[in-house]
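First comes the structure, then the notes that go with it.
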Amino acid sequence: MFSFGFSKNLLQLSSGIKDSKTRGNFYVFLVQKPSSLISVSSLSNSPTTEDPSFTVSYLINSCGLSPESALLASKRATLKNHEKPDSVLALLKSHGFSKPHITKLISKLPLLLLADPEKTLKPKLDFFLGSGVTGPVMVKMLSSNPSLLERSLTKQIIPSFDFLRSVVRTNENVNAALRCSTQVLQLGLHGKLVPNLSILRNHGVPESRILWLITTHPRALARMPDQFSEVVKTVEGFGFDRLSSAFVIAVRVMSVLSRSTWERKLEVYRRLGWSEDEILTAFKKQPWCMILSEKKIKRTVEFLVKELGIKASDICQCPNILLLSFEMRIVPRCAVMQVLVSRNLIRKDFCLSSVMSCNELDFLRKFVSKYQEEAPEALMAYQGRRGLLGSDIRSEDCGETVML
């Protein structure tokens, strides 16, 4: 018990050392003294334990990992010397990977340091760059999901990439899809991607909508074809127009939600007083309303009901409101409307959707500057709720400044 507490104190002590090299040496000391600080069993999951101190030190000083992350990573890859890892890092840097990207990549896949840089890694990096993928997109893609570098270039990456290009056609769309997710290159080409796209086409979904889905939400196509087919049939059964953007958005939403999560969201709306028809109405108007967190849904609806006296069931007619920022839009605008209603400057039954959906510049003109003389407190309410100082309010939507 004493040994564990002592080790924990030393680990906490190391976090206060600012210099990474010093911290690295401190952790090397910990690894070299397993009998009193870290038990031998704690390193038993490592593929080998030839020289864990060198591995930890290298991961910290050369790759930028924190001591904690380096200690964990050292259990997944043990370095014998610095030659191959140095070559791997040099290759990554020459292809545009910055130190933060390298840190992120190696912390997720430390075994990459043991790969052959010329035979295994360089051909894949060169393929992406030579195929129209921009440097920044490639770096972001691989540092976020380095497992792609473990895939076969000829059997997985090239066929999937060629198919993606055949669907989205342009380099711009290829980059958009990969910027969003690398899953499109990791889905089984004939097991998922091709069948699921065929399902959409067979249901009459336009190519433009399919293009939008694969370039912005390729994760939606990751389901097995039988499950994906059921999702598409369900969305169709809800009455969505298959030619509309709402159809593919609804497919995207239902594809990534488990049945239990879907049921929980339905129950949240039921508890807020919505009927089944009202929930369906809201979903058809704004499918994204089912992807929101339960906390966000509940807080927004309850606030509007309490502060503005709106019936919860009426919000289903303008579900876009649920997607707006609670702190930056809903609360400050409600504060302004409360002032104007209390001064009888506007009707109590104003159109909530119009008030909340207009851009910042229009809102300030219509409801703040317009009533500056009759209700100067409207501006104070708006600024107070947003925590702004001074009289210049910069529009979030337009990038313009309104002088009040």
Side-chain angles (χ1 to χ4, degrees), residues 212 216 244-246 249-250 253 265 268-269 272-274 278-279 281-404:
W212 176 87
T216 59
S244 69
S245 60
I249 294 174
V253 169
K265 298 296 176 64
V268 171
Y269 285 116
L272 290 169
W274 290 19
E278 288 168 338
I279 297 174
T281 294
F283 183 54
K284 289 175 67 175
K285 285 177 175 287
Q286 180 47 267
W288 293 118
C289 72
M290 294 300 289
I291 211 94
L292 299 171
S293 71
E294 298 168 38
K295 179 181 178 181
K296 175 77 162 70
I297 296 168
K298 188 171 181 289
R299 181 170 65 164
T300 300
V301 173
E302 290 181 344
F303 179 83
L304 292 173
V305 170
K306 179 181 178 181
E307 297 298 322
L308 297 182
I310 297 171
K311 293 181 180 178
S313 57
D314 290 343
I315 300 174
C316 72
Q317 298 298 328
C318 47
N320 282 336
I321 293 173
L322 299 173
L323 276 62
L324 301 175
S325 169
F326 184 78
E327 292 83 4
M328 298 301 292
R329 181 168 293 207
I330 294 175
V331 173
R333 292 193 183 190
C334 281
V336 171
M337 303 315 288
Q338 285 175 314
V339 170
L340 299 182
V341 168
S342 69
R343 298 290 297 272
N344 294 317
L345 294 171
I346 62 171
R347 294 172 54 180
K348 186 176 182 179
D349 60 344
F350 61 86
C351 179
L352 179 64
S353 179
S354 297
V355 168
M356 293 296 172
S357 62
C358 68
N359 65 50
E360 204 74 3
L361 181 61
D362 286 342
F363 176 80
L364 293 170
R365 284 174 176 165
K366 291 178 180 179
F367 301 105
V368 179
S369 59
K370 180 179 178 179
Y371 299 105
Q372 189 172 1
E373 292 186 5
E374 299 99 318
E377 62 269 36
L379 173 59
M380 292 186 288
Y382 185 84
Q383 291 180 326
R385 288 302 183 104
R386 289 187 58 135
L388 298 178
L389 299 176
S391 58
D392 291 352
I393 301 178
R394 181 164 295 278
S395 166
E396 294 177 327
D397 302 305
C398 308
E400 299 182 50
T401 300
V402 183
M403 300 299 292
L404 300 174

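- Considering only residues two or more places apart in sequence or on other chains, Leu324 meets the side chain to side chain contact (heavy atoms under 4.5 Å, CB included) condition with Arg329, Ile330, Met356.
- Checked against side-chain hydrogen bond (donor to acceptor under 3.5 Å, both in side chains), Asp314 has no partners two or more places apart in sequence or in another chain.
- Sorted by first then second residue, the ring-ring contact (aromatic ring centres under 6.0 Å, His included) pairs that include residues 331-358, not counting sequence neighbours, number zero.
- Applying the salt bridge (charged side-chain N to carboxylate O under 4.0 Å, His left out) test to residues at least two apart or on different chains, the pairs with a partner in residues 347-356 are Arg347-Asp349.
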Would Trp288 and Asn320 count as a side-chain contact (heavy atoms from CB on, under 4.5 Å) if you check the C-alpha gap in whole Å, the side-chain angles of each, and the deciding distance to 0.1 Å?
-> CA-CA 8 Å; Trp288 293 118; Asn320 282 336; over 6 Å; no
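- Checked against salt bridge (Lys or Arg N to Asp or Glu O under 4.0 Å), Glu294 has the following partners two or more places apart in sequence or in another chain: Arg264.
- Going from atom CG of Leu364 over to atom CD of Gln372 covers 11.0 Å, rounded to the nearest 0.5 Å.
- Here the CD1-SG distance, from Ile321 to Cys316, works out to 11.0 Å after rounding to the nearest 0.5 Å.
- Within the 3.5 Å criterion, the main-chain N or O of Val339 finds a donor-acceptor partner in the side chain of Ser342.
- A heavy-atom distance below 4.5 Å is found between the side chains of Trp212 and Ile249.
- Among residues two or more places apart in sequence or in another chain, the salt bridge (Lys or Arg N to Asp or Glu O under 4.0 Å) test is passed with Lys298 by Glu302.
- Minimum heavy-atom separation, Ala375 to Leu345: CB-CD1, 3.7 Å.
- Under the 3.5 Å distance criterion, the side-chain polar atoms of Arg365 are left unmatched by any main-chain donor or acceptor of Lys370.
- If you take CD1 on Ile315 and CH2 on Trp274, they are separated by 6.5 Å, rounding to the nearest 0.5 Å.
- Side-chain contact between Gln286 and Leu322 is absent, with no heavy-atom pair separated by less than 4.5 Å.
- When the side chain to side chain contact (heavy atoms under 4.5 Å, CB included) test is applied to Ser244, the partners found at least two apart in sequence or on another chain are Asp241, Ala246, Phe247.
- Of the possible polar contacts, one joining the Lys265 side chain to the Met290 backbone as a donor-acceptor pair under 3.5 Å is found.
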Cys358 and Arg333: side-chain contact (heavy atoms from CB on, under 4.5 Å), yes or no, with the steps?
-> CA-CA 11 Å; Cys358 68; Arg333 292 193 183 190; 3.7 Å; yes
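- Tyr269 OH to Glu278 CD: the interatomic distance, rounded to the nearest 0.5 Å, is 12.5 Å.
- For Lys285, the side chain to side chain contact (heavy atoms under 4.5 Å, CB included) partners two or more places apart in sequence, or in a different chain, are Thr281, Gln317, Pro319.
- Residues meeting the side chain to side chain contact (heavy atoms under 4.5 Å, CB included) test with Ser353, sequence neighbours left out: Cys318, Cys351, Ser357.
- For Phe367, the ring pair (Phe, Tyr, Trp, His ring centres under 6.0 Å) test picks out Phe363, with sequence neighbours left out.
- With sequence neighbours excluded, the residues satisfying salt bridge (Lys or Arg N to Asp or Glu O under 4.0 Å) with Glu377 are Arg343.
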Could you go through residues 303-313 and list every donor-acceptor pair under 3.5 Å that involves a side-chain atom there, pairing it with any protein atom two or more places apart or in another chain?
{"from": "Glu307", "atom 1": "OE1", "to": "Gln338", "atom 2": "NE2", "distance (Å)": "2.9"}

